[in-house]
Amino acid sequence: MFAWFKYLLWLPLWLALSLVGCGGGEGGQESSDGRPTITTQPAAQTVNEGSSATFTVVAAGNATLSYQWTRGGVAIAGATSATYATPATGAADEGATFAVIVTNSLGSVTSQAASLHVTLMPRGTVAGEVRTTDGAVLQGATVTAGAVSATTNSAGRYTMSVPVGERVLVSFSATGHAGTQRPAAVTASSSTTVNAQLIPVGASQAVNVVAGGVVTVPSSTAQVTFPANALVREDGAASAASVTVAVTPIDPSLDVNRMPGDYTTMVGSTATPIESFGAISVDIRDAGGARYNLASGRSATIRIPLSTRTPSSSTPTSIPLFYYNESTGRWVQEGTATLQGTAPNQYYEGTVTHFSVWNADQVIETVYLNGCVRNAANQPVANALVATDGITYSGSSTATSATDGTFRVAVKRNSQLTVTALANNLLTNTLSATSGSSDSTLPSCLVLSETAASLNIRLTWGELPSDVDSHIYLPSGSHIYYGSTGSLLSPTFANLDVDDTTGYGPEVVTVSKLMVGTYRYFLRNYSGTFNPGMTASPVRVELNLNGAQRVFVPGSGEGTSNYYWHAFDLVVAADCSVTITPVNTWSASQPAQPTQPSTLTYCSAP
């Protein structure tokens, strides 16, 4: 009996120890029955503002493990793997805590909470405006740079303070429009202007996730074909029965700035210029706004309308496909496409395994164009952003001027292009250049305007009419056009920088000092052809004034005899304030000169 009595005394203790070993799984306690255990807890992270923090857990268990990360005890949508990477961090993330719940069919365990510490960076100001491609302002557009965001006001303008950096990615989005992104160099010493134009969505169509479908953009060869059961939610949650697919073709031949990024891809560790032959944006969301993409191992077929300034004789029949990486702001090569269809309705067709903005691109053979930036006093201008725009190709490249004002920018060899620069929100004139098979130097420096009281007018159009001309009347009565190009360094301080006669443009007018009185800007269909005319070409006029941008496009009324389109008038006051009056009228003869002031003076900003 004594032995049985001793056994009974130890039984409660044995049961208690057994229960401890088979407990609820909290805090990483070991389990002998296959329930999850955590062998390596998530560790605290310290990152610089704008960077992502990565938390990792190592767990074990006899059955398949699933993961759910939490922030401050609240589940994070889509964070369902052993590693979780945060979005770009900001000041609001300082001190946040992250934990993970590991589960299998036998039970669950919750990790220790790991803290996030964010080191704040020096900040600079980014400001600008957002408009549609037809020039209308976009109120309520969202602008983000890392963890910082802003919303445009009734004038389409925004301002925000962001961490400094040589390549800050600024993203723009608005309902009914394809989003875009711009890289910018942000410093603490000055404000950086980043403008954007958003393209209205080309087609928006419901697609059944199980059945798949085809989305085609009206009056375009742009198309996306989805197979059955190919779409999944990006965050890994259960898919809806139906999603809305927004497809938007992007035409870089009309304006290279419609493309996200800066026309570069990484070749090894070197940013290398590319040229585009057309692009397409595809955005897929359900009714709740959740984003969708192609499931692993699935593909879809896309058609990208051929859109280029490159002569048709040089259009490739097969071309690499590139997608835009929003995390790096670079284009990444993946796959190929072939040219199909019959001109003028040709397109590149290829297959893709995920969606973003897809671009029919090729890396270009480059030479360097050397030049310099000077101010009106002939002094060098440092840190000017120099930008090129292809005339005989659809591409752009940038460089920054050195302390002596010189720059070196990579351009496509054996091509025509324009070059301009921006410094402290002041524009230079625009120079036309022709590159050869080796490096070359511009014959003159780019000249920076003296004050913000200056303007730049940029005209672009399609392949036809082949020749559309810019005209501007000055308050002095002078007429600046191809027959009298003017001068930026002497009265009247206005110049037709670039004249184009073979389609697309650009034609550029720069005014370096503003007179008091009325400037009148109009276009002439010099070719005299109307299939298409200037309206359908389409003509686009971009006015850059005091760091702001206005866009003008022709309205109805062109007909087949109206060769002139009066776009707008500018009335300059003595204090350099400017009133812009859109006119938008057509006529068979050129508009009349505006009334000249009795005394010619140049404005003076207070």
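Count residues from 1 along the sequence. Computed from a prediction, not measured in an experiment: that's the story for all the values here.
- For the atom pair CG of Leu321 and OG1 of Thr336, the computed distance is 6.5 Å after rounding to the nearest 0.5 Å.
- In this structure, CZ in Arg131 is found 12.5 Å from NE2 in His177, a value given to the nearest 0.5 Å.
- Counting heavy atoms from C-beta on, the side chains of Val100 and Phe55 never come closer than 4.5 Å.
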Give the intermediate values and the outcome of side chain to side chain donor-acceptor pair (under 3.5 Å) for residues Thr388 and Ser397. CA-CA 5 Å; Thr388 70; Ser397 52; 2.9 Å; yes
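- Remark: the Ser253 side chain and the Ser307 side chain contain no N/O donor-acceptor pair separated by less than 3.5 Å.
- For the atom pair CG of Leu339 and CZ of Phe277, the computed distance is 10.0 Å after rounding to the nearest 0.5 Å.
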Would Leu306 and Thr315 satisfy side-chain contact (heavy atoms from CB on, under 4.5 Å), going step by step from the backbone distance to the final call? CA-CA 9 Å; Leu306 173 64; Thr315 301; 3.9 Å; yes
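- Within a 6.0 Å sphere centred on CD of Glu463, heavy atoms belonging to other residues, nucleotides or ligands number 12 at most.
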Mind running side-chain contact (heavy atoms from CB on, under 4.5 Å) on Phe355 and Val224 for me, showing each step along the way? CA-CA 10 Å; Phe355 282 111; Val224 182; 3.7 Å; yes
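- Using a 4.5 Å cut-off on side-chain heavy atoms (C-beta onward), Pro200 and Thr133 make contact.
- Of all heavy-atom pairs spanning Pro465 and Gly533, the tightest one is CD-O, 3.8 Å.
- The minimum heavy-atom distance between Tyr292 and Asp286, with the atom names listed, is OH-OD2, 3.0 Å.
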What's the verdict on side-chain contact (heavy atoms from CB on, under 4.5 Å) for Ile280 and Gln223, showing C-alpha distance, side-chain angles and the deciding distance? CA-CA 9 Å; Ile280 189 172; Gln223 181 178 284; over 6 Å; no
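- The side-chain heavy atoms of Arg167 and Arg330, taken from C-beta on, include a pair separated by under 4.5 Å.
- The closest side-chain heavy-atom distance from Asn195 to Glu129 is below 4.5 Å.
- When all heavy atoms of Ala279 and Asn359 are compared, the pair lying nearest together is CB-OD1, 3.7 Å.
- Side chains of Val553 and Pro538 form no contact here, defined as non-hydrogen atoms less than 4.5 Å apart.
- Here the side chains of Ser52 and Val47 are not in contact, with every heavy-atom distance at 4.5 Å or above.
- Atoms CZ and OG1, on Arg35 and Thr103 in that order, are 12.0 Å from each other to the nearest 0.5 Å.
- In this model, a donor atom of one side chain and an acceptor atom of the other lie less than 3.5 Å apart for Thr338 and Gln340.
- If you take CG on Asn293 and OG1 on Thr353, they are separated by 8.5 Å, rounding to the nearest 0.5 Å.
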Step-by-step side chain to side chain donor-acceptor pair (under 3.5 Å) determination, Glu275 to Ser394: CA-CA 6 Å; Glu275 66 172 316; Ser394 299; over 6 Å; no
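- Counting heavy atoms from C-beta on, the side chains of Thr460 and Glu542 never come closer than 4.5 Å.
- Within the model, atoms CZ of Arg309 and CD of Gln416 stand 12.0 Å from one another, a figure rounded to the nearest 0.5 Å.
- Residues Trp358 and Glu334 meet the side-chain proximity criterion, which asks for heavy atoms closer than 4.5 Å.
- Using a cutoff of 4.0 Å between basic side-chain nitrogens and carboxylate oxygens, Glu49 and Arg123 are scored as salt-bridged.
- Side-chain contact, His117 with Gln45: no donor N or O sits under 3.5 Å from an acceptor N or O.
- In this structure, a donor-acceptor pair under 3.5 Å is present between the side chains of Gln181 and Tyr324.
- Of the listed residues (Thr132, Asp255, Asp134), just one forms a side-chain hydrogen bond (donor to acceptor under 3.5 Å, both in side chains) with Gln197, and that residue is Asp255.
- Contact record, Ser396 with Val256: CB-CG2, 4.2 Å, taken as the closest heavy-atom pair.
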List the steps, then state whether side-chain contact (heavy atoms from CB on, under 4.5 Å) holds for Ile319 with Tyr348. CA-CA 8 Å; Ile319 196 167; Tyr348 283 105; 3.5 Å; yes
